[in-house]
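When a ligand or atom number is given, it counts from 1 through the structure's own listing order. None of these values were measured; they are calculated from a predicted model.
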Amino acid sequence: MRCFVEPSPAGGYFVRIRGEAAPVSRHDTEEEAEAAAAAYERGLAREDTVEHVLLADGSEVLIRAVRPDDKPLFVTGFSDLSPESVRTRFLASRPALNLQELAFFTEIDHVDHEAIGALDASSRKAVGVARYVRDSEHPHIAEAALTVADAWQGRGLGDKLLRRLRDRATAGGIRRFTALLFADNVAMLKLFGRLGEVTITSRDGSVIEIAVEL
Ligand SMILES: CC(C)(COP(=O)(O)OP(=O)(O)OC[C@H]1O[C@@H](n2cnc3c(N)ncnc32)[C@H](O)[C@@H]1OP(=O)(O)O)[C@@H](O)C(=O)NCCC(=O)NCCS
């Protein structure tokens, strides 16, 4: 994945990835943008703190905590998702992640906001991410969400990511996950059900809110 720098029409400079319409980040000066692009390239090559995990079908993924320099992986991972997967994850259609969302998803403190990502060990493409965001008023509760790339769904990756997220959460004092999802998202309900008792706490049309006791 190659990053490049380009002036932004609204001023400043974008870091972009070849073939992707959505920019990765915006910077005030060209030097800052070049430095960010170099950091992304270095980050993509980094091999530390990675867990090698084999799935039941023999394919291998690399699992690790998400870092700020993962923004290019989020841009390409999102644009590879099918409209249906985007809709079931975000409960609405959307074209791309904007710069604020990319920052929110990657610049995390790993205490109140954790995200664990998976890369295809051969292509190094992003294939899944599990995330929780702690409720600021009820610190023992966190909202959780999970996304697996379409070609990797149904291969056990969601289960592996969610269990790791649960372990991180409970180590940090979180005792309940909440989630908003479509009531017919059977795969996600099944995965949450493996962590603990699931209760539907509210319903709004086809969307339910659930609580999972960890
Ligand atoms: C939901 C999602 C994360 C699941 O990840 P995954 O890697 O496909 O899940 P896994 O392969 O680990 O397990 C899914 C389980 O649900 C089952 N399942 C999948 N679809 C199902 C369906 N329609 N009916 C019944 N069971 C189903 C699978 O068989 C599997 O169970 P098993 O382990 O007993 O075989 C993934 O499909 C996804 O990213 N969907 C789009 C985004 C989304 O919906 N996110 C959730 C919002 S919080």
Numbering the atoms of ligand 1 from 1, which are under 4.0 Å from a heavy atom of [X]?
| X | answer |
| --- | --- |
| D159 | 12 (O) |
| N185 | 43 (C), 44 (O), 46 (C) |
| L157 | 7 (O), 12 (O) |
| R155 | 11 (O) |

Can we say R164 and E51 salt-bridge, meaning some charged N sits less than 4.0 Å from an Asp/Glu carboxylate O?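 Yes, this pair counts.
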Between R64 and D70, does at least one N-O distance fall below 4.0 Å, as a salt bridge requires?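 Salt bridge flag = yes for D70 with R64.
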For [atom], what's the nearest protein heavy atom and its distance?
| atom | result |
| --- | --- |
| atom 8 (O) of ligand 1 | G154 N, 2.7 Å |
| atom 25 (C) of ligand 1 | V186 CG1, 3.2 Å |
| atom 42 (C) of ligand 1 | T88 OG1, 3.4 Å |
| atom 40 (N) of ligand 1 | Q153 NE2, 3.6 Å |
| atom 33 (O) of ligand 1 | R194 NH2, 2.8 Å |
| atom 13 (O) of ligand 1 | L191 CD2, 3.6 Å |
| atom 45 (N) of ligand 1 | L146 O, 2.7 Å |
| atom 35 (O) of ligand 1 | K190 NZ, 4.4 Å |

Where on A179 is there a heavy atom closer than 4.0 Å to ligand 1, on the side chain, on the backbone, on both, or on neither?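 Contact part for A179 vs ligand 1: neither.
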For the residue pair [X] and [Y], confirm or rule out a side-chain donor-acceptor distance under 3.5 Å.
| X | Y | result |
| --- | --- | --- |
| E20 | S79 | yes |
| S25 | H27 | yes |
| T88 | N185 | no |

Could you tell me whether [X] and ligand 1 have an N or O pair separated by under 3.5 Å?
| X | result |
| --- | --- |
| L181 | no |
| G158 | yes |
| T147 | no |
| V148 | yes |
| A144 | no |
| M188 | no |
| S85 | no |

Kindly say whether [Y] contributes a backbone atom to a donor-acceptor pair with the side chain of [X] at under 3.5 angstrom?
| X | Y | value |
| --- | --- | --- |
| D120 | R124 | no |
| S206 | F182 | no |
| R168 | H110 | yes |
| S85 | S82 | no |

Should the pair F192 and F177 be assigned to parallel (<30°), tilted (30 to 60°) or perpendicular (>60°) ring geometry?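 Correct class here is perpendicular.
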Can a protein heavy atom be found under 4.0 Å away from atom 28 (C) of ligand 1?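 No, no protein heavy atom sits under 4.0 Å from atom 28 (C) of ligand 1.
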Measuring to protein heavy atoms, does anything land under 4.0 Å from atom 19 (C) of ligand 1?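 Protein heavy atom within 4.0 Å of atom 19 (C) of ligand 1: present.
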Measure across T201 and A211 and return the closest heavy-atom pair with its distance rounded to 0.1 Å.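 Answer, listing the atom of T201 first, then A211: CG2-CB, 3.9 Å.
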Heavy-atom contact under 4.0 Å between G156 and ligand 1?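 Yes, G156 has heavy atoms under 4.0 Å from ligand 1.
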If hydrophobic clusters are built from ILVMFWY residues whose side chains come within less than 4.5 Å, do V127 and F78 share one?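 The answer is no; the residues belong to distinct hydrophobic clusters.
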Within 45 degrees of the axis of the six-membered ring of F4 and under 6.0 Å from its centre: does R18 put its NZ or CZ there?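 Checked: cation-pi criterion met.
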Starting from the C-alpha separation in whole Å, work towards a yes-or-no answer on side-chain contact (heavy atoms from CB on, under 4.5 Å) for R155 and S59. CA-CA 9 Å; R155 295 160 69 174; S59 50; 3.1 Å; yes
